[in-house]
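Remarks on the structure that follows.
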Amino acid sequence: MTAAHDYEHLHHLVDRLSPAQARRLRLIITQDEELSEVDREAPEEAEATSDDGLPDDFLALFGTISAPADYAERHDDYVRERMERRFGEAG
């Protein structure tokens, strides 16, 4: 397993965490001797956050998102399907 694969796998896992799980993971990291060094090097967030861990102005900026659960992962497929419906399949 390469370092790049490890990084991508961890990035994918962190993206799937709920806000509560992310807070728990951060607590675990801060209590680990080696990993806490990395946490101390990370910049502190200056933004205020809501109870769910999102910045207070997040929903005001992006509004309500109504999409299938896998929208981010299948974005290209959704765009392609929409273009085919609109313009027909390119041959």
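For this chain, numbers begin at 1 and follow the sequence in order.
Residues meeting the side chain to side chain donor-acceptor pair (under 3.5 Å) test with Gln21, sequence neighbours left out: Ser18. For His11, the side chain to side chain donor-acceptor pair (under 3.5 Å) partners two or more places apart in sequence, or in a different chain, are Asp15. The salt bridge (charged side-chain N to carboxylate O under 4.0 Å, His left out) test applied to Glu37 returns Arg40, not counting sequence neighbours.
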Indicate every side-chain donor-acceptor pair of residues 74-83 with a distance under 3.5 Å to a residue at least two apart or in another chain.
from: Arg74; atom 1: NE; to: Asp77; atom 2: OD2; distance (Å): 3.4
from: Arg74; atom 1: NH1; to: Tyr78; atom 2: OH; distance (Å): 3.4
from: Arg74; atom 1: NH2; to: Glu81; atom 2: OE2; distance (Å): 3.3
from: Asp77; atom 1: OD1; to: Arg80; atom 2: NH1; distance (Å): 3.0
from: Tyr78; atom 1: OH; to: Asp70; atom 2: OD1; distance (Å): 2.9

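Taken from CZ in Arg16 to CD in Glu73, the straight-line distance is 7.0 Å, to the nearest 0.5 Å.
When hydrophobic side chains of Ile, Leu, Val, Met, Phe, Trp and Tyr are connected at separations under 4.5 Å, Ile28 ends up as a singleton with no cluster partners. The hydrophobic cluster around Leu25 extends to Val14, Leu17, Ile29, Leu35, counting ILVMFWY residues whose side-chain heavy atoms fall within less than 4.5 Å of a member.
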